[in-house]
Amino acid sequence: MESIQTTIMTLLKIPSQIKSISQVKQIHAQIAKSFPIFTSDILSIYTKFNFLPESITLFNTLPSPSIHAWKSVIKCYSSNAYFFESLKCFVKMRGIGIHPDHNVFPSVLKACTHLMYFKFGESVHASVIRFGLEFDIFTGNALLSMYSTFQRFSALQVLDESPERMTADQSDSILHHHNINNYKLCPEVGQNCQNPSFLNQFSNRGLGNLRMQSVRKVFETMPEQDVVSYNTLIMGYAQNTMYNEAMMMIREMGNAKLKPDAYTLSSVLPIVAKYMDAWKGKEIHGYGIRHGFERNRFITSGLTDMYANCKMLEDSYHLFCSLPDKDCVSWCSMIAACVQNGLFDEGFILFRQMLSANIKPTLVSCSSIIPACAHLTTLPLGQQLHGYIIRHHFDDSLFISSSLVSMYAKCGNIKLAKCVFDGMKQHDLVSWTAMIMGYASHGYAHDAIFLFKEMEMEGFMPNSVAFVAVLTACSHAGLVNEGLTFFNRMVRHYDITPEFEHYACVADLLGRAGKLEDAFGLICSMPENKTAGVWLPLLAACRVHKNVELAEKVVLEMSKFDGDNVGAYVLLSNTYSSVGKYKDAATVRQMLSKKMNKKEPACSWIRIGEKVHAFVTGDESHSSYDCIINALNILFG
DNA sequence: TTAGGGTTAG
């Protein structure tokens, strides 16, 4: 008996010597029989292994759990992502008058952060101050993380309702006299963040800046900061698109003699990707290799994404291939890299390879590959994916629904697109825009405009993409006044700087309506990006309205940056022909035939059944070539 | 004891 007791005492004093959960269970069984006084120690060992069911069962057998037992179970709940239960336990503990300590607050604050319990988190902060633990580095870091997360949603309230202004008695009474069930998601955050007016609020970068200042204040009031403190702030800046500030923090980190770790690198990579700074990205990659982070999953996925964003797909793929154990995120990063760079077939090949490697598609991988179905107009594949999505209950996701709406619209089935849109429990700006664009591309301009106005009435503030959609609708339907009104509202009311796409839509709209000089003037007023995409529709309009003089001016403008544009010469030649200037048309055609040799011919294709039929200019190799030509002759009379 | 990845609309 004595020797068993000695062994158990030794193991309990050095729990790190216990190597498996079965050993814990053996010790537990022995202690439960002989030494119930050690039950609390066994509980802490169960929680060390994050073994939740055993921890809870054991905890429930304790007649009056100690602070040690309470904090073990609170931590265990939090570590297993049972955040609500963790907070309930914390409230119960406070309710019976047990004082929390520096071990328990980080777990509780983590639970508040994940649940987005904004006001409850503030009360916990007040309690931290009441117990004099605000200078504990772990608690401080947990607070920093909590406010950094909250700031993305409603951190102005952090500034206005700082718990530092509460008295100790106030904070204590909050945690003593409330019911955790009253702390459902506070209205500004969490699931309800789809609330449009709220979205509008935090889409403003200026406010985001102000919010991060409050997080920075928490950082500065900490008596000391470690790597976690810096990383938390850097992540906060990065997630708030305050990239310069994030980079500044890395420099400050160096001044504080702290070395960037894997967390730091994975926070910086999205910034480098955003700025398409491949040189800096390579530098980070090298630093990662030198410091042993080469296999870190967060870094490898960040690098894959960064290289893809910098249009260095080969580097992305090389890195991806070098990974010995690819998880679903590795696959998804590479698939998304292909799809976002227009390599839709390659995206599909990888998707199939992922399935062969027994990696099941997740919600995210599904939403990455659906746009490939949309662009390749492969409806059967898209429908198969939709079936999979329904079977796996991914269809509640806004990402999934928006991509499905877009896919069905692009594949020609606007009714199914509307069906998915109407079936959504809630909409966001992206899903509204997908549906508006669907209507616009199908020529249902009035439906698109109606939906755009409905979206505004619902309180959503349209962004530049939503305006592209509604302007496309106006352009396709020739709704000149409506289009110009939307364009002006975008600039004056919503303060959105027009981009290439907006100019292209309006120029096209004016051109189709015969207001050729207005269209020319608008394009000339563009500050940059006067590329072929914006001139060609005007040139097409010149042909329709037989305006040779303006067509020549347009081609002259285009020759300043794209002298070999075949489309421009075809349209100019056709414009000459339309007014009977056949000699000029022939001259342009001669020039064209010389340029054609330098150009890769365009290709179009159609899917019939399971087969894709592709056609290239001048290619007569298709087996049904004669039938196709006969059919075309019938169609064109 | 505290911090992190891939996704949707042009």
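Keep in mind that this is a model prediction, so the values were computed, not measured. Excluded from the calculations below are hydrogen atoms, water molecules and symmetry mates; all remaining heavy atoms, backbone and side chain alike, are included. Reminder, nothing fancy here: chain letters follow the sequence lines and each chain counts from 1.
- For B/dA9, its base never sits under 3.5 Å from the side chain of A/Asp428 at any donor and acceptor pair.
- The base of B/dT7 sits with one of its N or O atoms less than 3.5 Å from a complementary donor or acceptor on the side chain of A/Ser367.
- Between the side chain of A/Asp261 and the base of B/dG4 there is no donor-acceptor pair of N/O atoms closer than 3.5 Å.
- Residue A/Ser107 is classed as having no contact, given no heavy-atom separation below 4.0 Å to the nucleic acid.
- Separating the NE2 atom of A/His476 from the P atom of B/dG10 is a distance of 13 Å, rounded to the nearest angstrom.
- Between the C1' atom of B/dG4 and the NZ atom of A/Lys110 lies a distance of 12 Å, rounded to the nearest Å.
- Across B/dT7, B/dG4, B/dT8, the shortest atom-to-atom separation from the side chain of A/Ala336 is found for B/dT7.
- Judged by atom type and distance alone, A/Ser403 does not reach the base of B/dT8 through any side-chain donor-acceptor pair under 3.5 Å.
- Note on A/Thr362: a base of the nucleic acid sits closer than 4.0 angstrom, heavy atoms only.
- Counting only heavy atoms from C-beta on, A/Leu429 has its side chain closest to B/dA9 among B/dA9, B/dT7, B/dG5.
- Note on A/Lys410: only backbone sugar-phosphate atoms sit closer than 4.0 angstrom, heavy atoms only; bases stay farther off.
- Within the nucleic acid shown, A/Pro270 has no heavy atom closer than 4.0 Å to any nucleic acid atom.
- With distances taken from any side-chain atom of A/Ala142 to the nucleotides B/dT2, B/dG10, B/dT1, the minimum falls on B/dT2.
- Of the candidate nucleotides B/dT7, B/dA3, B/dT1, B/dT1 has the atom nearest to the side chain of A/Asn103.
- A side-chain contact (heavy atoms from CB on, under 4.5 Å) with A/Met249 holds for exactly one of A/Val268, A/Leu233, A/Thr264; it is A/Leu233.
- Nearest to the side chain of A/Gln340, among B/dA3, B/dT8, B/dG6, sits B/dT8.
- Residue A/Cys366 is out of contact with every strand shown, counting any heavy-atom pair closer than 4.0 Å.
- Among the heavy atoms of the strands, none lies under 4.0 Å from A/Ser267.
- Rounded to an integer number of Å, the gap from NE2 of A/His114 to C1' of B/dT1 is 14 Å.
- Here A/Phe298 counts as stacked on B/dG4: its ring centre is under 5.5 angstrom from the base ring centre and the planes meet at under 30°.
- Taking every side-chain heavy atom of A/Pro371 into account, B/dT8 is the closest of B/dA3, B/dT8, B/dG5.
- When the P atom of B/dA3 is taken as reference, atom CD of A/Gln239 falls 13 Å away, rounded to whole Å.
- At the heavy-atom level, A/Ser333 lies under 4.0 Å from the strands shown only through sugar-phosphate atoms.
- Minimum atom distance to the side chain of A/Phe138 is reached by B/dT2, of the listed B/dT7, B/dT2, B/dG5.
- Between A/Met306 atom CE and B/dG4 atom P there is a gap of 22 Å when expressed in whole angstrom units.
- In this structure, A/Ile369 atom CD1 and B/dT8 atom C1' are separated by 14 Å, rounded to whole Å.
- Set against B/dG10, B/dT8, B/dG4, the side chain of A/Val430 has B/dT8 as its closest nucleotide.
- Residues A/Phe83 and A/Tyr117 keep their aromatic ring centres 6.0 Å or farther apart.
- No side-chain heavy atom of A/Ser406 sits under 4.5 Å from any side-chain heavy atom of A/Met437.
- Within 4.0 Å (heavy atoms only), A/Ala262 reaches at least one base atom of the nucleic acid.
- Side-chain contact between A/Phe105 and A/Asp136 is absent, with no heavy-atom pair separated by less than 4.5 Å.
- No close placement of the A/His102 and A/Phe131 rings is indicated, their centers lying 6.0 Å or farther apart.
- For A/Tyr439 and A/Phe450, the gap between ring centers reaches or exceeds 6.0 Å.
- Among the atoms of the strands shown, base atoms are found under 4.0 Å from some heavy atom of A/Ser464.
- If you take CZ of A/Phe399 and P of B/dT8, they are 7 Å apart, rounded to a whole angstrom.
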Criterion side-chain contact (heavy atoms from CB on, under 4.5 Å) on A/Lys418 and A/Asp447, from CA distance to verdict: CA-CA 11 Å; A/Lys418 186 67 169 42; A/Asp447 291 298; over 6 Å; no
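- If you check every strand for non-hydrogen atoms under 4.0 Å, A/Asp136 touches nothing.
- Spacing between atom CD1 of A/Ile414 and atom P of B/dA9 amounts to 15 Å, rounded to whole angstrom units.
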